[in-house]
> 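A single structure is presented below for examination.
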Amino acid sequence: MAPSFPDTPWSLIAQANQGAAERRAAMQQLLERYWQPVYAAMVGGWSVDESSAKSLVAEFFTTLLSRESLAQLDSENVRFRDYLKEQLSTFMTDKTDADALGATPEAKTNLNLVEPLEIPQSEGDAFTIFDEQWMLLIIQRAIARLREESRADPLNQFEIFSMFDIEGTASTVEEVAADLDLRPDQVRRALTQVRKKLRNIVSAEISEYSTTQAGAREELTWLLL
């Protein structure tokens with residue numbers, strides 16, 4: 001028997017009847033979680049000014065949430081990340097052809113578009129920027145969750161992880177152990193455990209937009225290479 005895979009917004013889109021309210025709601029969940037790469041691609045790849053980009057993102061997602069777009073969506077045979085890039089390419093081509101990348105009217109949408117992440121400098125094209133921002137978003141969300149889940153940890157696992165893998169201030173296990181009044185073997189064990197936790201959190205994050213376990217493994221491999 002095939003292993004079970006939890007229902008996710010993307011898999012719910014695949015299961016829902018075309019045009020169903022559940023399908024639209026599931027898509028909206030995903031767009032609210034992962035809109036920042038679209039914003040970054042518009043600003044960094046298509047040179048949309050930041051004052052216009054948020055409205056343009058809302059317009060793009062309003063289009064994706066339309067009944068016509070949802071009716072054509074084949075979510076069982078495409079990754080969510082690739083689907084967004086394909087749709088964004090078409091949308092921006094149409095905008096460029098219409099010479100309409102400047103100010104755009106505020107689109108009517110119920111999406112909760114919080115402030116975007118800071119966009120890192122990139123020499124790549126729009127979709128290189130998209131993928132870089134997508135990766136950054138997944139990692140940042142996972143680290144934030146790891147920090148929250150580690151608040152009550154007596155061994156300060158997150159602090160140890162941060163010293164080695166985020167801040168890069170740690171030089172040796174022995175020095176960290178002395179700073180935190182721990183034994184070196186405790187530091188090594190804590191670091192191993194917290195890295196495993198982070199990988200599990202990233203896997204859970206990826207499962208939000210993967211329809212199958214194979215798709216999730218493929219995305220995880222891409223992310224961690």
Side-chain angles (χ1 to χ4, degrees), residues 1-41 57 60-61 64-65 69-70 72-88 110-114 116-117 127-153 157-158 161-162 165-166 191-225:
M1 185 174 66
S4 61
F5 193 66
D7 283 340
T8 67
W10 189 235
S11 63
L12 291 174
I13 291 170
Q15 296 165 17
N17 293 327
Q18 291 184 348
E22 292 83 359
R23 190 177 177 91
R24 180 184 175 92
M27 176 65 106
Q28 181 161 326
Q29 286 182 48
L30 281 166
L31 297 180
E32 287 183 348
R33 292 173 187 170
Y34 301 113
W35 70 274
Q36 290 96 334
V38 172
Y39 176 93
V57 168
F60 169 62
F61 285 161
L64 290 188
L65 287 166
S69 293
L70 288 175
Q72 298 172 9
L73 177 57
D74 181 16
S75 53
E76 293 188 3
N77 295 307
V78 63
R79 293 183 304 189
F80 181 64
R81 180 165 54 93
D82 291 340
Y83 169 74
L84 276 186
K85 288 194 288 187
E86 178 184 342
Q87 296 301 311
L88 179 59
N110 292 324
L111 288 169
N112 178 26
L113 304 183
V114 298
L117 299 173
F127 293 125
T128 298
I129 294 171
F130 181 102
D131 285 337
E132 288 174 353
Q133 187 75 5
W134 183 276
M135 183 184 299
L136 178 64
L137 176 65
I138 297 296
I139 295 298
Q140 286 189 346
R141 285 169 60 96
I143 288 175
R145 180 175 163 188
L146 180 66
R147 180 187 289 110
E148 184 63 28
E149 292 183 358
S150 301
R151 289 190 183 279
D153 176 27
Q157 284 187 346
F158 186 83
F161 168 75
S162 180
D165 294 345
I166 299 179
L191 191 58
T192 297
Q193 290 174 347
V194 75
R195 286 171 175 169
K196 182 178 180 180
K197 286 181 182 178
L198 181 63
R199 184 182 178 92
N200 290 339
I201 291 171
V202 169
S203 297
E205 181 80 21
I206 288 173
S207 75
E208 290 187 341
Y209 59 85
S210 295
T211 310
T212 65
Q213 287 186 344
R217 284 195 296 269
E218 182 180 334
E219 284 288 84
L220 184 61
T221 299
W222 168 80
L223 185 69
L224 297 180
L225 281 179

> Donor-acceptor pair, distance only, cut-off 3.5 Å: does the side chain of Ser210 make one with the backbone of Ser207?
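It does not hold such a pair.
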> Report the distance from atom CG of Leu220 to atom CH2 of Trp222, rounding to the nearest 0.5 Å.
11.0 Å
> Applying salt bridge (charged side-chain N to carboxylate O under 4.0 Å, His left out), run through Arg145 and Glu205 and close with a yes or a no.
CA-CA 10 Å; Arg145 180 175 163 188; Glu205 181 80 21; 5.8 Å; no
> Contact between Leu31 and Val38 at the side-chain level, heavy atoms closer than 4.5 Å - yes or no?
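Contact flag for Leu31/Val38 side chains = no.
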> Please tell me if the side chains of Phe61 and Leu84 come closer than 4.5 Å, counting only heavy atoms from C-beta onward.
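Side-chain contact under 4.5 Å: yes.
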> Is a side-chain donor or acceptor of Arg147 paired with a backbone partner of Phe158 at a separation under 3.5 angstrom?
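Not confirmed, Arg147 side chain does not pair with Phe158 backbone.
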> Can you name the side-chain contact (heavy atoms from CB on, under 4.5 Å) partners of Lys197, sequence neighbours left out?
Leu146, Gln157
> Is the shortest side-chain heavy-atom distance between Leu198 and Asp165 below 4.5 Å?
no
> Please report the interatomic distance CZ(Arg141) to CD(Glu208), rounded to the nearest 0.5 Å.
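The distance works out to 5.5 Å.
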> Among Ile138, Ile206, Val202, which residue meets the side-chain contact (heavy atoms from CB on, under 4.5 Å) test with Glu219?
Ile206
> Please round to the nearest 0.5 Å and tell me the distance separating atom CG of Leu88 and atom CZ of Phe60.
5.0 Å
> Please name the pair of heavy atoms, one in Ala26 and one in Ile13, separated by the smallest distance, quoted to 0.1 Å.
CB-CG1, 3.5 Å
> Can Trp35 and Leu137 be said to form a side-chain contact (heavy atoms from CB on, under 4.5 Å), step by step?
CA-CA 10 Å; Trp35 70 274; Leu137 176 65; over 6 Å; no
> To the nearest 0.5 Å, what is the distance between CD on Gln87 and CG on Leu64?
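Gln87 CD to Leu64 CG: 6.0 Å, rounded to 0.5 Å.
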> Less than 4.5 Å apart, any side-chain heavy atom of Gln36 and any of Leu136?
no
> What I'd like to find out is whether the side chain of Arg81 reaches to under 4.5 Å of the side chain of Tyr34, using heavy atoms alone.
no
> First locate atom OH of Tyr83, then atom CE of Met27, and finally report the distance between them rounded to the nearest 0.5 Å.
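Taking OH in Tyr83 and CE in Met27, the distance rounds to 4.0 Å.
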> Quick one: sort the Tyr209 and Trp134 rings into parallel, tilted or perpendicular, breaks at 30° and 60°.
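Judged by the thresholds at 30° and 60°, the geometry between Tyr209 and Trp134 is perpendicular.
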> With no hydrogens and no angle check, is any side-chain donor or acceptor of Thr212 less than 3.5 Å from a backbone partner on Gly215?
yes
> Looking at Leu65 and Gln28, what are the two nearest heavy atoms and their distance?
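Answer, listing the atom of Leu65 first, then Gln28: CD2-N, 3.9 Å.
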> Which pair of heavy atoms, one from Leu30 and one from Pro9, lies closest together, and at what distance?
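Between these two residues, the closest heavy atoms are CG-CB, 3.5 Å.
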> Can you tell me how far the OG1 atom of Thr192 sits from the NZ atom of Lys196, to the nearest 0.5 Å?
10.0 Å
